[in-house]
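This report concerns only the one structure given below.
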Amino acid sequence: MNIVYSSDENYVQHMAVSIFSLLENNKEIKEINIYILSNDISGRSKEELRHIVEEQFQRNIIFIEFAPFKERLNLNMEWAISLSSYARLFLPEMLPDNCEKVIYIDCDTVICTSLSALWNVDLKNCSVGGVLDTVLPQFKSAVGLNKEDAYINAGILLIDIKKWRNERTQDEFVQFIEKHAGRVSHHDQGTINGVLHDKTLVLNPRFNVMTPMFTTRYENLFKLYQITGKYYSKDEILEAKRHPIIIHFVPEFVGRVWEYECHHPKKQLYREYLDRTIWRNHLVHTEMRESVKMRILHWIQCRLPLALQKMIGT
């Protein structure tokens, strides 16, 4: 099983938590190779990651430096985002030739059980598999999709690297970014959806249970994100919440899971694994990002039935 993470020094703590949870819950897998796409990760942090992977779990860890690939990206980003997220676009060239399939995992995740089911998904003739994201129609249209088209979250991906190599998908990504003058909506995620929209397999939501699935009433998801195309059934979302394989801690009005003020209902999972690393108890204090009015409005929209919302006037 080949696993890929991408990080800079700022996200090493969260990546370590995710890796620890992955290895703890996948002991039955015969061989696991963890590839780290490093955007200037310090030597000390690399040693701590090696300690977890090699000494505690007797698995393989390989660091690949992103620096040689950065110059190929002509970006004009509108808001702050880690450049590390773009590294996944160069996987065909960064990974060894004998690596033909990978699971890509974002750092802000916890793996709750075995990844065998994800690893063994048949991609058929698709290049990538991912879980449907909740995005507004304008973000789809910004990358050339119709509002009914499937749009996946790039935080957890099953990737056919051999197919990416054979079809020169990496070059298509670079050309797509250049076509959009370095300002692709949702950055690398938008790029993946824009290029591979007709080569994407929609996966079960258990593989990437995102924050809105936990915090927002199912019926309200359609109003908040103006969902008109294909999406999961209510039973599929309930099953994903009850039996998640990977929890993805996107902020979505609840804060980041490593912040004391985080309101995510599953935050304790992250903190339990955090306490098993050298970063134990390392949570940060942050100021309230949203006004009290906005938090109350979001709470109403996420949790109250639509009929009651209309009575309140939201």
Side-chain angles (χ1 to χ4, degrees), residues 1-8 11-12 15 18-19 22 31-41 46 49 53 59-75 81-109 111 115 118-121 123-131 133 143 152-178 184 186-201 203 207-208 246 248:
M1 182 182 289
N2 301 311
I3 307 294
V4 175
Y5 286 89
S6 182
S7 181
D8 57 19
Y11 268 65
V12 166
M15 180 170 63
S18 183
I19 290 173
L22 183 153
E31 181 179 359
I32 298 178
N33 302 307
I34 297 181
Y35 295 93
I36 307 295
L37 311 184
S38 169
N39 185 18
D40 299 324
I41 296 175
K46 288 179 180 178
L49 292 169
V53 177
R59 301 299 193 167
N60 304 315
I61 185 168
I62 304 98
F63 291 93
I64 301 173
E65 296 303 321
F66 181 40
F69 299 89
K70 292 180 186 177
E71 61 187 30
R72 304 189 196 179
L73 290 169
N74 185 18
L75 301 177
I81 184 175
S82 173
L83 189 62
S84 306
S85 63
Y86 280 88
R88 77 191 88 180
L89 304 182
F90 296 96
L91 284 174
E93 189 173 344
M94 299 176 87
L95 296 174
D97 292 341
N98 63 352
C99 184
E100 298 185 347
K101 180 174 72 170
V102 303
I103 298 173
Y104 175 89
I105 304 177
D106 265 359
C107 297
D108 55 346
T109 55
I111 289 76
L115 293 181
L118 175 56
W119 180 250
N120 292 321
V121 166
L123 282 174
K124 300 171 183 174
N125 198 37
C126 294
S127 294
V128 64
V131 171
D133 207 346
V143 293
I152 61 170
N153 179 272
I156 290 89
L157 299 172
L158 180 64
I159 304 173
D160 186 337
I161 296 297
K162 182 178 181 180
K163 193 173 182 65
W164 280 24
R165 289 194 182 105
N166 292 341
E167 297 182 355
R168 303 186 66 83
T169 302
Q170 176 178 305
D171 295 340
E172 291 187 66
F173 289 149
V174 173
Q175 292 164 10
F176 188 85
I177 293 171
E178 291 176 351
V184 179
H186 283 182
H187 305 286
D188 53 300
Q189 176 172 285
T191 301
I192 290 170
N193 278 280
V195 172
L196 299 178
H197 63 91
D198 58 347
K199 302 175 183 178
T200 298
L201 180 70
L203 300 179
F207 296 127
N208 184 357
I246 303 177
H248 189 185

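These values consider heavy atoms only, across backbone and side chains, with no hydrogens, waters or symmetry-generated copies.
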> Would you say the side chain of Asp133 lies within less than 4.5 Å of the side chain of Gln189, judging by non-hydrogen atoms?
Replying inline: yes

> So, the side chain of Lys163 versus the backbone of Thr169: is there a donor-acceptor pair under 3.5 Å, distance only?
Replying inline: no

> Taking only residues two or more places apart in sequence or in another chain, which ones pass salt bridge (charged side-chain N to carboxylate O under 4.0 Å, His left out) with Lys46?
Replying inline: Glu65

> Shortest non-hydrogen contact from Pro92 to Leu89?
Replying inline: CD-O, 4.0 Å

>> Taking CG in Asp171 as the centre, count heavy atoms belonging to other residues, nucleotides or ligands within less than 6.0 Å. Is the count above 12?
In response: yes

> Only one of Val131, Asp106, Asn208, Ile111 clears side chain to side chain contact (heavy atoms under 4.5 Å, CB included) with Ile246; which?
Replying inline: Ile111

>> In terms of relative ring orientation, are Phe66 and Phe90 parallel, tilted or perpendicular, with 30° and 60° separating the classes?
In response: tilted

> Can you find a heavy atom in the side chain of Leu158 that is under 4.5 Å from one in the side chain of Lys101?
Replying inline: yes

> Looking at Ile32, Leu22, Ile61, which one forms a side chain to side chain contact (heavy atoms under 4.5 Å, CB included) with Val53?
Replying inline: Ile61

> Can you tell me how far OH of Tyr35 sits from CG of Leu91, rounded to the nearest 0.5 angstrom?
Replying inline: 11.0 Å

> Will you find, in the side chains of Asn39 and Asp8, an N or O donor that is under 3.5 Å from an N or O acceptor?
Replying inline: no

> Counting N and O atoms only, with roles assigned by atom type, does the side chain of Asn193 sit under 3.5 Å from a partner on the main chain of Ile152, one being a donor and the other an acceptor?
Replying inline: yes

>> What I'd like to find out is whether the side chain of Ile36 reaches to under 4.5 Å of the side chain of Ile19, using heavy atoms alone.
In response: yes

> Got a second to check how far Leu37's CG is from Tyr104's OH, nearest 0.5 Å?
Replying inline: 7.0 Å

>> Donor-acceptor check, side chain of Arg88 to backbone of Ala154, threshold 3.5 angstrom: yes or no?
In response: yes

>> My understanding is that only residues two or more places apart in sequence, or in another chain, count here; which of them pass salt bridge (charged side-chain N to carboxylate O under 4.0 Å, His left out) with Asp97?
In response: none

>> Can you confirm whether Ile192 sits close enough to Leu157 that some side-chain heavy atom of one is under 4.5 Å from a side-chain heavy atom of the other?
In response: yes

> Can you find a pair of side-chain heavy atoms, one from Trp164 and one from Phe173, that are under 4.5 Å apart?
Replying inline: yes

> With side chains defined as the heavy atoms from C-beta onward, is the minimum distance between Asp108 and His248 less than 4.5 Å?
Replying inline: yes

>> Using every non-hydrogen atom in the two residues, find where Ile41 and Ser38 come nearest and quote the distance to one decimal.
In response: N-OG, 3.2 Å

